Amino acid sequence: MKNIIIIGNGIAGVTAARHIRKRSNHRITIISSETTHFFSRTALMYIYMGHMDYKNTKPYEDWFWKKNRIDLIQDFVEKVDVVEKKLYLTGKGKLSYDTLIIAAGSKSNKFGWPGQDYKGVQGLYSYPDLLEMEENTKGIERAVIVGGGLIGVEMAEMLRSRKIEVTFLIREDSFWSNVLPSQEAQMISRHIREHHVDLREGTELQDILGDNQGRVRGVVTKQGEQIECQFVGLTVGVSPNIGFLKSSGIDTQRGVLVNEYLQTNVKDVYALGDCVERTYDLPGRRNIEQVWYTGRMMGEVVAQTICGTPTPYEPGPWFNSAKFFDIEYQTYGNVWNELKSNEEEFYWEHHSGKKAIHFVWDKGSHQFLGLNVFGIRLRHELFDKWLREKRPIQFVIENLHEANFDPEFFDRHETEIITAIDLAKPELKIKSTLKS
Amino acid sequence: MKVLRSIGLVLFLFSFGLFLSLFFMSEYKLTKEIFVEKIKKQHQESLEPTMQELFDKPYSTSYSFAQAVSNSISRVNEQFRNAQQWDSVIYDDYTSSLTKASTSGWVVDNTGLLFFLVFGVGLIGAMLFILPKASLETAGIKNDGIFHNVLNNRGWIGILIGTLLIGFYVLIYFYDAYIMNWIILVEPLKKWIYPQGESSQWFLYGFLYTFAVLVMGVRMILKYRHSKYQIIRTLSVMFFQLAFAFLIPEILVRLNQPYFDFKNMWPLDYDFFDAWHINMLTSAGGLGIFMFVWGITLFVVGVPVFVYFFGKRWYCSWVCGCGGLAETAGDPFRHLSDKSLKAWKIERWLVHAVLVFAVIMTGAVLYNFISGTSSIFGFDTYTYLRKPYGFMIGSIFSGVVGTGFYPLMGNRVWCRFGCPLAAYLGFVQRFKSRFRITTNGGQCISCGNCSTYCEMGIDVRWYAQRGQNIIRSSCVGCGVCSSVCPRGVLNLEVKDEKGRFGQPVLAGNNHVQQG
């Protein structure tokens, strides 16, 4: 029986713990300084918006951990000693381990802007961040958000739910355009404006201004415009939370370096989730992936490895999802923000401007490479299968109706989409059973 | 638009306040004429000596008047009991008929105007409050502030409304004489539908119930206007409440046919097999016989067949009256249901115990009906089974607790913990149905919106995050879990039974042994 300690009680660490417990009798301890129990980080916004209470975001009831013999410690790991196999905690002193799993997550980026430490300036990643945001936004009128990614648009939605005026500064020329192709980026930008957010494309932060109590009172953009505000949300990405590993002997660059078995350079030390940087390449994937699903999948495989079935981390085709105010987004396979030279695309947008679908395939072989879909739900399982089977684009289009996952009675758009793509790309010779 | 909403709220509060204050707005005076008209001949002689004291004496509240009436009847009965004249004891309830006939004053003289001021102005106010939301907010899930709200989240307004509702149910079921002014208020409507009829607490209840379902149904449709499933479903419960539960039975009575709700069925309709009910139907000619056969066919054939093809939702969240109220007026409270494993355990014991109770009670009643007896194994059926069932389950559980506790325990307390029909539908749904809620590959982010807004207290997320179909006997198929899911993970589906109870699968990861 091994004594396994997991640092971090997010989705990666908790998935590892649950799967180790399913497969073994090892002693499992999870340490987190953030909260006593596992909660869903992705649901933080809903607590602020009053859709849920903190307790609703806990995926397992509190008795679950004791019943499954998973010990929980709320404490902060200051230092890891890999020679003695000991952890040094702020409160509880030293703890020994046989196997260590580092799943310490991320922290919000701050790029050294003048004034970034004023009160009322913050990122949003953790539960304490949420409490701070609650405090910082009490009774305020205007906020500025810097950085056009997923956390930025979530923060805009959160603030708008409390009728706070929001100015949203993004460096790019439309929202999330380092990930979304321009058609989608523009559609989402329009939707963000529809929610009365003052979206400023191509605008960067120059300076954050404070008052003499050390509270933020405004920002200055690189164009020299001054915007009054009582809150600044810095949502310019996150980076691996690895400060406590400094001089531990565990190799890190931007994140903790791991091989395909999620092992670090030190024996019996593994790392998972947001905080890792893979040393091996996976086609079409970045080496640091701060996504819920990758954290979960790493937890699944590391549990198998630790319990005697060494399993490489090899996720299947890429998938992800999000929601931008009212518009749901799903993606399967790879759709880059700019079309690659071997790729061809087709984009369809519904006249409402709230539904869209964007297919990408290989020019030569016609192999389907991926799609983005907005306002329509599609089946993950089918796309996972079609991508693995390297199906041609024609097959995907012709069978699109099978992949629909919208509720009963919803408007269906397959015929419209097929007609449009047939018109735009007659060379594909799409056979449509729907048209006849 | 915001101004319109404020005006609407003021108008609605005005009409609601007027409705409550009607309570105190009449005078009650018993006269000899009323006495002679309302009291049966054989009781007049024994009652008159004591009741005389009340003649021409004005009372300012229904409470004091009804008390005085029931006291005088008790006094007479006490004398009979002391004299061991058991046959003379009066069991007729004269309190409400005397109170109604003795009510006079502003309310009685102005029912038409008051009806408009309460329900007309109330309706206008509610619509002014509800409709402008469509232009203030984009379509989509807008649960903003629900957990900060004093109405929705067991704050003082929630507790106040819960208390009012509980009080209302207690009065309707047990003390109708006290709310005579409300009963009189809906008299014009009753007369319009059925000129020879008289309004009663049950007519008042049916009207208020329908009013609530229709008004709050409009709110529900607006709130979920991005979802055709929710729109059509809500229209369905509104239609069945208005037509099947309220209008058709009233019209049947006007046509001299038995009062019958064609969508209600045993065991929810627990007096269906009462001797008086069977006799009423079977002696009412062809239509009566049809009603009797229809009522039996509905639960013998209708339930298994429809649940097999659509799931229990065809009844619970599309047709049923209790479901109709829960899905409309109850929607603001759906998140208050308890999601814990413990609550699920209590639910399974309780709801199945009620079903067993209903079956035993009905069995005994039917046995008595067929054999012409009144007891079973030496126990009087009415005293030991039928009456306790009607009181504890029919009144207290389904009404006082079931609806009164909306703002405290969520909108499906009765359906989840008490309804024997839901238990029966649930059995079929669990074991023989094409219905299930499917999860979308590996897309769940465990956020918890689905579980939070499940009115039946199902921990939907527990299934979704492990990629497992949700097949629960209690699921009423309202579809709100699917509506509130931000990642498009949940879908209500009917398809081949094969694979319904499949292994949990989270798509997207190679080399992982599922299970």
Side-chain angles (χ1 to χ4, degrees), chain A residues 11 19 22 39-43 46-47 49-53 56-61 63 161-162 191 194-195 292-293 296-297 300-301 304 309 311-323 325-328 330 376-385 405-411, chain B residues 138-149 152-153 226-233 335 339-342 438 440-449 451-453 459 461-462 465 479 482-494 505-515:
Chain A
I11 180 65
H19 284 257
K22 279 189 195 176
F39 72 98
S40 176
R41 190 172 304 294
T42 49
Y46 300 112
I47 302 176
M49 291 163 70
H51 293 207
M52 285 192 271
D53 259 345
N56 300 108
T57 68
K58 290 196 261 186
Y60 303 97
E61 287 186 65
W63 51 258
S161 81
R162 300 209 181 168
H191 185 58
E194 192 187 356
H195 280 270
W292 176 271
Y293 310 113
R296 193 197 73 219
M297 291 194 268
E300 289 165 359
V301 293
Q304 289 184 187
T309 316
T311 310
Y313 170 61
E314 250 177 46
W318 171 256
F319 69 98
N320 201 1
S321 62
K323 192 175 178 188
F325 285 92
D326 303 319
I327 299 182
E328 285 175 25
Q330 294 179 336
I376 299 172
R377 295 173 173 182
L378 295 176
R379 287 179 200 272
H380 181 189
E381 259 176 338
L382 270 189
F383 279 100
D384 191 71
K385 188 164 160 258
F405 199 67
D406 272 337
E408 294 146 301
F409 308 119
F410 271 44
D411 292 340
Chain B
T138 55
I141 293 300
K142 299 286 179 301
N143 286 324
D144 296 351
I146 283 191
F147 276 82
H148 309 144
N149 188 296
N152 303 118
N153 205 29
H226 58 293
S227 166
K228 280 205 174 158
Y229 181 78
Q230 299 300 355
I231 293 173
I232 296 171
R233 191 176 66 83
H335 56 287
K339 277 64 178 195
S340 66
L341 192 63
K342 204 171 145 194
T438 45
N440 197 3
Q443 289 278 24
C444 177
I445 50 164
S446 300
C447 70
N449 274 296
S451 295
T452 303
Y453 288 94
D459 190 356
R461 165 175 54 193
W462 192 82
Q465 67 192 357
S482 165
S483 296
V484 297
C485 176
R487 306 294 179 112
V489 173
L490 299 158
N491 200 13
L492 279 57
E493 295 194 70
V494 277
V505 177
L506 289 170
N509 204 2
N510 299 350
H511 315 303
V512 170
Q513 303 144 18
Q514 299 283 349

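Because the structure is a prediction, the values reported are computed rather than measured. All chains are named by letter (A, B, ...) in the order of the sequence lines, taking the proteins before the strands, and each is independently numbered beginning at 1.
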Roughly how far, to the nearest 0.5 Å, is [atom2] of [Y] from [atom1] of [X]?
X: A/D406; Y: B/Y229; atom1: CG; atom2: OH; result: 14.0 Å
X: A/Y46; Y: B/F147; atom1: OH; atom2: CZ; result: 14.0 Å
X: A/F39; Y: B/C447; atom1: CZ; atom2: SG; result: 13.0 Å
X: B/K142; Y: A/D326; atom1: NZ; atom2: CG; result: 3.5 Å
X: B/S451; Y: A/N56; atom1: OG; atom2: CG; result: 8.5 Å
X: A/K323; Y: B/C485; atom1: NZ; atom2: SG; result: 8.5 Å

Check whether [X] gets within reach of chain B through its side chain, its backbone, both or neither, counting any heavy atom under 4.5 Å.
X: A/F405; value: both
X: A/I47; value: backbone
X: A/D53; value: both
X: A/K385; value: neither
X: A/L378; value: backbone
X: A/W63; value: side chain

With respect to chain A, which residue among [options] yields the maximal number of heavy-atom pairs within a distance under 4.5 Å?
options: B/N153, B/N149, B/L490; result: B/L490
options: B/K228, B/Q443, B/H226, B/H335; result: B/Q443
options: B/D459, B/V489, B/N152; result: B/V489
options: B/G442, B/G448, B/G145; result: B/G442

Shorter than 4.5 Å, heavy atoms on both sides: which option in [options] has the most such pairs with chain B?
options: A/R296, A/H195, A/R41; result: A/R296
options: A/G316, A/P59, A/P315; result: A/P59
options: A/F383, A/F319, A/Y293, A/F325; result: A/Y293
options: A/V301, A/N320, A/L382; result: A/N320
options: A/E381, A/M52, A/M297; result: A/M52

Do the non-hydrogen side-chain atoms of [X] and [Y] ever get within less than 4.5 Å of each other?
X: B/I231; Y: A/F409; result: no
X: B/N491; Y: A/P407; result: yes
X: B/S482; Y: A/R377; result: yes

Please classify the contact of [X] with chain A as side chain, backbone, both or neither, using a heavy-atom distance under 4.5 Å.
X: B/E493; value: side chain
X: B/S340; value: both
X: B/S483; value: backbone

Query raised in the report: Does the pair A/W292 and B/S446 meet the rule for a side chain to side chain contact (heavy atoms under 4.5 Å, CB included), with working shown?
Result: CA-CA 10 Å; A/W292 176 271; B/S446 300; 3.5 Å; yes
Query raised in the report: Going by atom types only, do B/T438 and A/R379 share a side-chain donor-acceptor pair under 3.5 Å?
Result: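 Short answer, no.
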Any side-chain to backbone donor/acceptor pair from [X] onto [Y]? Under 3.5 Å, distance only.
X: A/Q330; Y: B/R487; result: yes
X: A/Q304; Y: B/H511; result: yes
X: A/T42; Y: B/I445; result: yes

**Report entry** Check ion pair B/D144-A/R162 (N to O, under 4.0 angstrom)
**Finding:**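 A salt bridge is absent here (no side-chain N lies under 4.0 Å from a carboxylate O).
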Query raised in the report: Does the distance from a Lys or Arg side-chain N to an Asp or Glu carboxylate O, for A/E61 and B/R461, drop under 4.0 Å?
Result: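 No, A/E61 and B/R461 are not salt-bridged.
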Query raised in the report: Under the criterion side chain to side chain contact (heavy atoms under 4.5 Å, CB included), which of B/T452, B/I146, B/N143, B/V484 is the partner of A/H51?
Result: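 Among B/T452, B/I146, B/N143, B/V484, the one meeting side chain to side chain contact (heavy atoms under 4.5 Å, CB included) with A/H51 is B/N143.
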